[in-house]
There are 2 protein chains.
Amino acid sequence: MRVVAALGGNALSPAGGTGSVEEMREALASTGKALAALVASGVSLVLTHGNGPQVGRILLQQELASAAVPPMPMDVCGAESQGQLGYLIAQSLDNALRALKVDARVLCLVTQVVVNGRDPAFRRPSKPVGPGYDRPTAQRIAHESGHVFAIQPGGSWRRVVASPLPVRFVEDAPLRALVDAGHVVVAAGGGGVPVVEYRGRLRGVEAVIDKDRTAALLAQAVGADRLLILTEVSKVQVGFGTPEARALDELTVSEARRLLAAGEFPSGSMGPKVEACADFAESGGTAVIAALSDAAAAARGEAGTAVVAG
Amino acid sequence: MRVVAALGGNALSPAGGTGSVEEMREALASTGKALAALVASGVSLVLTHGNGPQVGRILLQQELASAAVPPMPMDVCGAESQGQLGYLIAQSLDNALRALKVDARVLCLVTQVVVNGRDPAFRRPSKPVGPGYDRPTAQRIAHESGHVFAIQPGGSWRRVVASPLPVRFVEDAPLRALVDAGHVVVAAGGGGVPVVEYRGRLRGVEAVIDKDRTAALLAQAVGADRLLILTEVSKVQVGFGTPEARALDELTVSEARRLLAAGEFPSGSMGPKVEACADFAESGGTAVIAALSDAAAAARGEAGTAVVAG
């Protein structure tokens, strides 16, 4: 069975932590164990991951060191975060596989994802990236850089960028070649480095592709049987926070679309995950939203919330 | 013909520049053209590259932003530089190949290189990395971090780390799978992320592997016919800076070893290049040191200084 699994931020470093490498290595050691169990069960695994907090720190470093080092644009920072996280994830998972005497090796491919330059998302930047600032600082940076800022819940100002839909992987063929050869591949970290194609040339753009949408496209690109969106909750809930709250074992695509349209899932968290799952289920696969610790069970259909055709 | 080419720092961004992404993209556009000509001539290309100035800037960013963002260790910074440079190199070369209507695609593999934890290099750190400091600042950082500093020609103090020999690639099998599948692969940037293997586990170390030595190992690992060390000079010279200065068309391994032992080539620049070429020539291939602009001619044996068995 071929599985694409998407890791959220907390699988990479603990929420509310400092973002030190020690914290990341510790979080990744336990993530590596959960994923190694999945690979040991005979699954051919392709892994993708978020990068919000990590690329946020890289963007903050660009800003704080800008008097001495020219800041890199977002596409390059995204590629740096793929190197950083891909290396740490591959090493942790590889060590966990060695501990289980599983022979598969792990590697990380720097991945560019083509987006449509006419995607309407470019006309309304909405995805917050990087650190929060007070209003005068945000205004100064906006003035110097042309970046767009928006006020966030809590009152801080953060840069916002477009979040276009992923269209295809530049590294489509090598990705498939690596998976077919039996390797565990870490790809399209942070949703992939967004590029537009214009007159046959690729060019990076300052945007962020939702990592769950990219995961669904990745699952299609490598012909996965199952898409696992791994998160902190064991199942999707409806009526979250109300007396009628109910955890779901299964959700059909049409139910998922109806609940999405009714605003049942928040756009910043569960919404894109359910949307990504519905997209993949519609293309004929099974998609599961599950807790990271349940990854192996979720691949067998014994944990999480499955989104299925219908 | 299969060729491993190693790019020096100036192929990636101009010496004495600010290191901005605009400078890098401009340098890489012309590098991409030279390499695309090589691929268009029918060569199967594996590319590796230095990262000195780029990882130096990433290390400086760690230092300058350290009050807000926990600095990443050298192995992680090296992986970040592989993401940064691998992305920019792959995109530039890919665009140059598209312009020539060549079908091969380019991708970057994050690459770990195993070194021996008992390599004597670890007992005498000598490779300068990162920015230069005045003495009090170097002493303060040394006190806080345990880093070792050494005075440099010119009087500044820089951190020095070990430069162990590369032993093998962690991503050996996928590397070969990708090359065999006809892809242009960018691998082992900056000499590779150095890791040691201890009781079956990999762990990153704070060291720098010489990129030319890694290039020679890479050429052996992928079964290359030819190793190209691309630099700014069109040929190796003996008696450099003297009235007897002479450019060489060819050098046997035994001549190369003799000249190296006689201190003919400076250890910081031409020395490791000649050594890497001698290693590869000894293993049965042909190694050429040539100017980047002569890459295609050098692959045909019509430019540069060839190091051959004998």
Side-chain angles (χ1 to χ4, degrees), chain A residues 18-24 57-58 60-65 67-73 75-88 90-91 94-95 98-99 105 107-112 131 170-175 177-178 180-181 183 185-186 193 195 200-204, chain B residues 18-24 57-58 60-65 67-73 75-88 90-91 94-95 98-99 105 107-112 131 170-175 177-178 180-181 183 185-186 193 195 200-204:
Chain A
T18 63
S20 71
V21 75
E22 292 79 13
E23 278 180 6
M24 290 172 76
R57 289 189 189 97
I58 292 175
L60 181 55
Q61 288 176 327
Q62 309 301 309
E63 176 66 23
L64 295 175
V69 179
M72 289 288 144
D75 57 328
V76 178
C77 292
E80 289 184 22
S81 79
Q82 286 189 355
Q84 178 199 86
L85 286 163
Y87 161 64
L88 290 169
Q91 196 173 77
D94 210 76
N95 283 337
R98 285 160 186 254
R105 292 282 71 82
L107 60 107
C108 168
L109 192 64
V110 176
T111 315
Q112 304 171 67
V170 173
E171 296 81 4
D172 200 54
L175 197 51
L178 286 167
D180 288 345
H183 301 296
V185 185
V186 181
V193 180
V195 297
R201 289 179 61 84
L202 299 174
R203 189 171 55 80
Chain B
T18 62
S20 71
V21 75
E22 293 79 13
E23 277 180 9
M24 290 173 76
R57 288 187 192 100
I58 292 175
L60 182 54
Q61 288 176 326
Q62 309 299 308
E63 177 65 23
L64 295 176
V69 180
M72 288 288 143
D75 57 328
V76 178
C77 291
E80 288 185 24
S81 80
Q82 287 189 355
Q84 179 199 83
L85 287 163
Y87 161 65
L88 290 169
Q91 195 174 78
D94 209 77
N95 283 337
R98 284 160 186 255
R105 292 282 71 82
L107 61 108
C108 168
L109 192 63
V110 176
T111 316
Q112 304 171 67
V170 173
E171 295 80 5
D172 200 54
L175 198 50
L178 287 168
D180 289 345
H183 301 297
V185 185
V186 182
V193 179
V195 297
R201 289 179 61 85
L202 299 175
R203 189 171 54 80

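These numbers come from a predicted model, not from an experiment.
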Taken to the nearest 0.5 Å, the spacing of D172(A) CG from L107(B) CG works out to 12.0 Å

Pair count under 4.5 Å, heavy atoms only, with chain B: among Q91(A), E63(A), E22(A), M24(A), highest is Q91(A)

Out of A68(A), G78(A), P70(A), return the one with the most heavy atom pairs under 4.5 angstrom to chain B. P70(A)

Measure Q61(A) against the heavy atoms of chain B and call it side chain, backbone, both or neither at under 4.5 Å. both

For the CG atom of L60(B) and the SG atom of C77(B), what is their distance to the nearest 0.5 Å? 11.0 Å

With a 4.5 angstrom heavy-atom cut-off, which part of L202(A) approaches chain B: side chain, backbone, both or neither? both

At a 4.5 Å cut-off on heavy atoms, which part of V195(B) comes close to chain A: side chain, backbone, both, or neither? side chain

Using heavy-atom distances under 4.5 Å, tell me whether R98(A) contacts chain B through its side chain, its backbone, both, or neither. side chain

Is the side chain of E171(B) donor-acceptor paired with the backbone N or O of Q112(B) at a distance under 3.5 Å, no angle test? yes

Could you look at Q84(B) and say if it's the side chain, the backbone, both or neither that has a heavy atom under 4.5 Å from chain A? both

So, the part of L178(A) with a heavy atom under 4.5 Å from chain B: the answer is side chain

Can you tell if the side chain of V170(A) reaches within under 4.5 Å of the side chain of T111(A), non-hydrogen atoms only? no

In terms of heavy-atom pairs under 4.5 Å, which option from V76(B), V186(B), I58(B), D94(B) contacts chain A the most? V76(B)

Once you round to the nearest 0.5 Å, how far does CG of L88(B) lie from CG of D75(A)? 7.5 Å

Tell me, side chain or backbone of D180(A) under 4.5 Å from chain B's heavy atoms, or both, or neither? neither

Tell me, with the steps shown, if T18(A) and E23(A) meet side chain to side chain donor-acceptor pair (under 3.5 Å). CA-CA 8 Å; T18(A) 63; E23(A) 278 180 6; 3.2 Å; yes

Ignoring hydrogens, what is the shortest heavy-atom contact between N95(A) and G200(B)? Give both atom names and the distance. OD1-O, 4.2 Å

If one checks every heavy atom of Q62(A) against chain B at 4.5 Å, the contacting part turns out to be both

Among V69(A), L175(A), L109(A), which residue forms the greatest number of heavy-atom pairs with chain B at distances under 4.5 Å? V69(A)

Using non-hydrogen atoms only, which part of A173(A) is less than 4.5 Å away from chain B: side chain, backbone, both, or neither? both

What's the separation between atom OG in S20(B) and atom CE in M72(A), rounded to the nearest 0.5 Å? 7.0 Å

Which atoms of V193(A) come close to chain B, meaning under 4.5 Å heavy atom to heavy atom: side chain ones, backbone ones, both, or neither? side chain

Turns out that what part of L85(B) lies under 4.5 Å from chain A's heavy atoms comes down to neither

Interface moiety of R57(B) toward chain A, non-hydrogen atoms closer than 4.5 Å: both

Option in A90(A), A177(A), G204(A) with maximal non-hydrogen atom pairs under 4.5 Å from chain B: G204(A)

